[in-house]
Amino acid sequence: MRLIYKDVAVGADADAAVTGTGADSRSDLSLLPFDAGTPAIATLEPGLWKSGYSVYNGQDIGFWSTALSGSTGALSPAPTLTITFTESYTSKGIYFDFDVGTGDYCSTVYIRWYKGTSFLASQTFYPDSASYFCEKTVSGYDKVFCTFRKTSKPYRRLKINAICFGVVRNFGGDELKSVRILQEVNPISTELASNTLDFTLESKNEDISYVFSVKQPIEAYGSDNALLGAFYVDSSRRFSRTRYQVACTDAVGVLGDSDFPEAMYAGKNAKELITSILGGHYQLEMNEALASKTVTGYLPQLTRREALQQVCFAIGAVADTSNSKAVKVFSLPTAVTAIPDRRQYTGASVETSAITTAVEVTAHTYTQGSGDDTVTVNGVSYAHTTSVVRIENPKVQPSDRPNVVQITDATLVNAGNAAEVAQRVFDYYDQRDTLRAKIKVDREVCGGRHSISTPFGGTARGVITSMNLILSNITAADIQLHGVAEDDT
């Protein structure tokens, strides 16, 4: 296991506008502040057509130069990158990921920092690896100009996967103690859970003091080097020269710290609205079928997290950041994958909730004008009326206590989608069993649909709604699976 901590200028990645010279047509410079993630790709450069390398097939490319370097590795003309910001930032330097897949890198980089038109600092750096930190603390810059003069090997393109405005540090298992990740989803998005990371660091380097400033990013990787999630520092405590305790939340948690303005929508594209809610701070991965959906109704002023929950509930989506650097908005899968008994620990249990006797979902209509209940948005008044869709549970027995689930404040639910939403809510509450178990993780994720053996010889089938991951030499998790548990017959 390992954590990648980015001691960076918070917000600089989203604020960065990247332009450059010498890039070929496959390059997308806007990916650089977020990591293009380009794998090792086989090309016709000397020594780069190797077994195990990918063939180029439209993969994301941050920066590839059009021209190859010469016999000494010199690049002529030297490619450049110019990064401009709308705000001013301070960082301890600039970190580059060059071609980490092949190990190639730029061996001579000249960097200049500016504040407006005022020159602040410059320095030439001589990287010696594919991931390299150009260390130089500069305060209050809003423009960076980089010139790449030489590649580490002759006859190679300059290739850059990522730029980070600060230092990137790797913490391995020998420094990490008590690492826990909690991942949660609500299958019908009546609420929007955030994922959390908590860890204790016993640093091996007494010469480095870590600040762990709020919202600085940390990426977590499991024992198989698979990404478990991207998190942001929420709080930290220091107990000694080398011992730190850090609590982090994911992008969904951070979205709860800022507001999204009220608005009235009529046929608004869901992807465009969610992109606006994310505010350019986080990447969005959205299921194609959901991306074409529209929403109609009213959003009062809410936190961005609450606004995202309202949209997801209305369109039947789940939002989650598990195992990704992006905010994923998706539909739950229908296929069921079995978790074998050999990866299940003893001690599982099944809890059955009380029967839901009915579901009531309120639909909201907003008509321009005034009425008994009026909402005013940007100076325009709308009369607000409601209706209720009710679904009775046919399985109810006379002895069952009334237990009605009511959804009243989902203001993007309207007459056009209320019946569909009500059925989705009913189907969720009609599945009454929650299995709790501990498993060895092998590609299971929150929101995945699985089957697993129960402690009484049956099988539970449903959606994983919670994974409490305990990271060590193996990745184990305490999971909750919501669905139906049955005896095998």
Side-chain angles (χ1 to χ4, degrees), residues 6-38 60-70 72-100 104-153 156-168 216-217 280-281:
K6 298 181 178 180
D7 186 357
V8 298
V10 174
D13 52 357
D15 193 22
V18 187
T19 58
T21 63
D24 83 356
S25 60
R26 292 167 289 190
S27 303
D28 183 351
L29 306 190
S30 67
L31 298 176
L32 291 173
F34 303 100
D35 188 348
T38 312
D60 287 338
I61 303 294
F63 185 104
W64 279 12
S65 65
T66 301
L68 275 60
S69 60
T72 64
L75 289 158
S76 182
T80 66
L81 287 177
T82 302
I83 305 106
T84 55
F85 309 89
T86 60
E87 305 289 339
S88 297
Y89 297 92
T90 297
S91 65
K92 298 177 181 178
I94 297 179
Y95 178 93
F96 290 96
D97 268 349
F98 295 105
D99 193 359
V100 291
D104 281 8
Y105 55 92
C106 177
S107 58
T108 307
V109 183
Y110 177 55
I111 305 178
R112 290 174 284 167
W113 288 262
Y114 293 85
K115 170 66 173 177
T117 59
S118 300
F119 171 79
L120 297 179
S122 67
Q123 186 167 324
T124 300
F125 299 91
Y126 302 94
D128 57 8
S129 63
S131 296
Y132 188 83
F133 178 53
C134 298
E135 184 174 2
K136 187 175 183 67
T137 299
V138 181
S139 300
Y141 62 85
D142 61 14
K143 185 176 182 179
V144 179
F145 188 81
C146 306
T147 304
F148 303 92
R149 293 175 170 168
K150 193 175 183 180
T151 59
S152 56
K153 295 178 181 179
R156 295 290 173 88
R157 288 183 174 84
L158 168 68
K159 297 178 180 178
I160 309 172
N161 281 343
I163 300 173
C164 184
F165 305 100
V167 60
V168 177
Q216 286 183 323
H281 297 293

Neighbour count above 12 (heavy atom, 6.0 Å) for K153 NZ: no

V144 side chain near Y89 side chain, heavy-atom distance below 4.5 Å: no

Non-hydrogen atoms of P33 and V18 that approach each other most closely: CG-CG2, 3.9 Å

Shortest non-hydrogen contact between F133 and K92, atoms and distance: CZ-O, 3.2 Å

Test item: C134 and I111 side chains (from C-beta on) under 4.5 Å apart, heavy atoms: yes

Side-chain heavy atoms of K143 within contact of T82, under 4.5 Å: yes

Heavy atoms of other groups near K6 NZ, more than 12 under 6.0 Å: yes

Expected output: side-chain S69 to main-chain A74 donor-acceptor under 3.5 Å: no

I163/F96 under side chain to side chain contact (heavy atoms under 4.5 Å, CB included): CA gap, chis, key distance, verdict: CA-CA 5 Å; I163 300 173; F96 290 96; 3.9 Å; yes

Aromatic plane relationship, F63 with F148 - under 30° parallel, 30 to 60° tilted, over 60° perpendicular: tilted

Distance, nearest 0.5 Å, that separates CZ of F34 from SG of C164: 11.5 Å

Gap separating the CD atom of E135 from the CD1 atom of I94, nearest 0.5 angstrom: 12.5 Å

Proximity of Y141 and F165 rings by center, below 6.0 Å: no

Min side-chain heavy-atom separation W64-K159 under 4.5 Å: yes

Side chain to side chain, L32 and I160, heavy atoms closer than 4.5 Å: yes

Which atom of L75 lies closest to which atom of R156, heavy atoms considered: CD2-O, 4.3 Å

Listed partners of T147 passing side-chain contact (heavy atoms from CB on, under 4.5 Å), at least two apart: A78, T80, Y110, F145, R149

Test log, rule side-chain hydrogen bond (donor to acceptor under 3.5 Å, both in side chains), inputs D104 and S152: CA-CA 6 Å; D104 281 8; S152 56; 4.5 Å; no

Salt bridge (charged side-chain N to carboxylate O under 4.0 Å, His left out) partners of residues 10-33, not counting sequence neighbours, each pair once: D24-R26

Nearest heavy atoms of L29 and G20, plus distance in Å: CD1-N, 3.5 Å

For Q216 against V10, the heavy-atom pair lying closest together: CG-CG2, 3.7 Å

Residue pair D142 / S88, side-chain donor-acceptor N/O under 3.5 Å: no

Greater than 12 external heavy atoms within 6.0 Å of Q123's CD: yes

K150: side-chain contact (heavy atoms from CB on, under 4.5 Å) partners, not counting sequence neighbours: S107, T108

A121 to V138 - nearest heavy-atom pair and separation: CB-CG2, 4.1 Å

Distance (rounded to the nearest 0.5 Å) between L158 CG and L81 CG: 7.5 Å

Nearest-0.5 Å distance that lies between atom OH in Y105 and atom OG in S131: 12.0 Å

T38, D97, D99 screened by side chain to side chain donor-acceptor pair (under 3.5 Å) with N161, the one that passes: T38

